[in-house]
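Just so we're on the same page: letters track the sequence lines, and every chain starts at 1. No hydrogens, no waters, no symmetry mates; every other heavy atom, side chains included, goes into these values.
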There are 2 protein chains.
Amino acid sequence: MAQDHPKVLLVEDEPAQREVLSYNLQSEGFDVVSAADGDEAMLLVEEESPDIIVLDWMLPGISGIEICRRLKSRSETRAIPVLMLSARSEEVDKVRGLETGADDYVVKPYSVLELMARVRSQLRRVRPASVGERLEFEDIVLDAETHRVTRADEPLKLGPTEFRLLSTFMEKPGRVWSREQLLDRVWGRDIYVDSRTVDVHVGRLRKALCVHGGADPLRTVRGAGYALG
Amino acid sequence: MAQDHPKVLLVEDEPAQREVLSYNLQSEGFDVVSAADGDEAMLLVEEESPDIIVLDWMLPGISGIEICRRLKSRSETRAIPVLMLSARSEEVDKVRGLETGADDYVVKPYSVLELMARVRSQLRRVRPASVGERLEFEDIVLDAETHRVTRADEPLKLGPTEFRLLSTFMEKPGRVWSREQLLDRVWGRDIYVDSRTVDVHVGRLRKALCVHGGADPLRTVRGAGYALG
DNA sequence: AGCTTTTGTGACACCAATGTAACGCTATTA
DNA sequence: TAATAGCGTTACATTGGTGTCACAAAAGCT
């Protein structure tokens, strides 16, 4: 199940600053992951899939603005909102920050209260960003925007988990996903669920997909996991 | 309505300031309407349906913050983003500004460049919002002009919130909106309201739509949100 | 063939998500 | 000023999805 606490990736090289911010964010109820430099940040973006990134402008290694650019150019599933922090107050920086893709901008010294308000504000904006996408595989069509799935033009009824599961499979037809990968992807990281649960849901998904009598499009790869097609 | 140039309502009592901003906004390609005080502003909101409002905090007549509050309580089609200008730089003001319903906040003396960037940033947020005058879905007709809704030619009675809610749904029939997205669009950013409140209003909207005995056109998508059709 | 490991699946207790009535509050209206 | 309408919250009922388990079935292995 999706964690009810939004995950914040905090990128700040100054340890004291990082500490303070992390503490404050946590006491506001966020899950916080922090990085000290740009490289670590990019790594954690992949591994942790944060809901929002609070990003210091000045960083050793990859600069904040560079991170921003890379994030926006990723053909990733969803755009993660970026809140940029900076010690430089010149207007040019601000503009460049916003137009490079930062979604908001706070100049140091900022007030913690303000920062919190802005983080909340950004989160509310894009939170469960439904990726307006339409996936197809053979006669199966999944529309992320309307949350509708059809097979051979017959509407299917899927539960939330089955929907996410199918949507994962359809993202890369043919790819074999291990149970652990599926747990990460569909259930969310830091969730303790027996990996056999995946089997059960794959079973349920199969039943739902075949309800109007088509062939089973899911393939079991013994010892490895499952795949579509 | 001409979509290409977003319309900005500029509310600023100082003529020189107004002139400068208006000029700059126009040369950025915006349509600009300006007001010198709060009363005029409220009037122009009705008449011009701006896409965004740039609002000075200190105004003769109705204060900026008061305008903000009134805007949020109106039964308009959608929440118009408000960018607040202020000469007061205390953090408390900022937070209060955000939580009163302003969507962003710029402290004087601001740079014109920064202001432009923020205006664009806000517009990016809500842009694909239709300013549509008349929306239809099946036998439901919503007239934004007259604020009237009919179903099967029978007039319906909706409260302001239900009206905005329905109008959001009708903008993109079939699309699933999460509770957070609905809060954002219908209630406005930075209004901290429990997301269960959405459920209640959807319920009220349902009751209103079915009052003459039609089928319920709203779809509940478990774990995701609501959609029309 | 026997035996072991992996996967399929029905049953079920549990709980999270949703529907809804009721209530106190505020703003608007008469 | 009194009355009314709309709002946000809460509490409770209800539904239906979920995770786990136990056992059956299938696939490897020797």
Exercise. Which of these passes side-chain contact (heavy atoms from CB on, under 4.5 Å) with V33(B): V8(B), L10(B), L44(B)?
Worked result: L44(B)
Exercise. Is it true that the NZ or CZ of R179(B) lies under 6.0 Å from the centre of W177(B)'s six-membered ring and within 45 degrees of the ring axis?
Worked result: no
For this session: Output all residues satisfying ring pair (Phe, Tyr, Trp, His ring centres under 6.0 Å) with F163(A), sequence neighbours left out; order by chain, then residue number.
Result: H147(A)
Exercise. Given atom NE2 of H201(A) and atom P of dG17(D), what is their separation to the nearest angstrom?
Worked result: 10 Å
Exercise. Reckon V221(B) touches a base, only the sugar-phosphate, or nothing at all at heavy-atom distances under 4.0 Å?
Worked result: sugar-phosphate
Problem set entry | salt bridge (Lys or Arg N to Asp or Glu O under 4.0 Å) between R151(A) and D139(A), intermediate numbers included | CA-CA 5 Å; R151(A) 180 159 196 199; D139(A) 58 350; 3.3 Å; yes
Problem set entry | Listed partners of R219(B) passing side-chain hydrogen bond (donor to acceptor under 3.5 Å, both in side chains), at least two apart | none
For this session: Send over the distance from L165(B) CG to dC7(D) C1', rounded to a whole Å.
Result: 13 Å
For this session: May I ask you to evaluate whether T197(A) reaches the phosphate of dT20(D), defined as a side-chain N or O under 4.0 Å from OP1 or OP2?
Result: yes
Exercise. Quick one: does T197(A)'s side chain have a donor or acceptor within less than 3.5 Å of a partner on D194(A)'s backbone?
Worked result: yes
Problem set entry | Phosphate OP1/OP2 of dT6(C): any T220(A) side-chain N/O under 4.0 Å | no
For this session: Identify the residue among R206(B), H201(B), K157(B), K207(B) that makes a side-chain hydrogen bond (donor to acceptor under 3.5 Å, both in side chains) with E162(B).
Result: H201(B)
Seminar exercise, completed: Separation of dG19(C) atom C1' from L205(B) atom CG, nearest Å, is 14 Å
For this session: Would you tell me if any nitrogen or oxygen in the side chain of R204(B) comes within less than 4.0 Å of OP1 or OP2 on dG19(C)?
Result: no
Problem set entry | Nearest listed nucleotide, side chain of E162(A), among dT10(D), dT18(D), dT9(C) | dT18(D)
Problem set entry | Side-chain donor/acceptor contact of R222(B) with base of dT15(D) under 3.5 Å | yes
For this session: Return the stems involving DNA chain D, sorted by first number, where pairs are Watson-Crick (N1-N3 with N6-O4 or O6-N4) or G-U wobble (N1-O2 and O6-N3), both under 3.5 Å, and runs are 3 or more long.
Result: C:1-30 with D:1-30
Seminar exercise, completed: Hits for side-chain hydrogen bond (donor to acceptor under 3.5 Å, both in side chains) against E138(A), two or more places apart or cross-chain, chain-then-number order -> none
Exercise. Do any pairs count as a ring-ring contact (aromatic ring centres under 6.0 Å, His included) and have a residue in residues 202-224 of chain A, sequence neighbours left out, and if so which ones?
Worked result: none
For this session: Please state whether the phosphate of dT10(D), meaning OP1 or OP2, lies under 4.0 angstrom from any side-chain nitrogen or oxygen of R196(B).
Result: no
For this session: From the options dG17(D), dC21(D), dT9(D), select the nucleotide whose nearest atom is closest to the side chain of P160(A).
Result: dG17(D)
Exercise. Any side-chain N or O of W187(A) under 4.0 Å from OP1/OP2 of dT18(D)?
Worked result: no
Problem set entry | OP1 or OP2 of dT6(C) under 4.0 Å from side-chain N/O of Y226(A) | no
Exercise. If each of L158(B) and D194(B) is mapped to the nucleotide of DNA chain D with the nearest heavy atom, which maps nearer the 5' terminus, i.e. the 5' end?
Worked result: L158(B)
Exercise. Hey, does V202(B) reach any base, or is it just sugar-phosphate, or nothing, if we go heavy atoms under 4.0 Å?
Worked result: nothing
For this session: Tell me which residues in residues 207-217 of chain A put a heavy atom below 4.0 Å from DNA chain C, sorted by number, or none.
Result: K207(A)
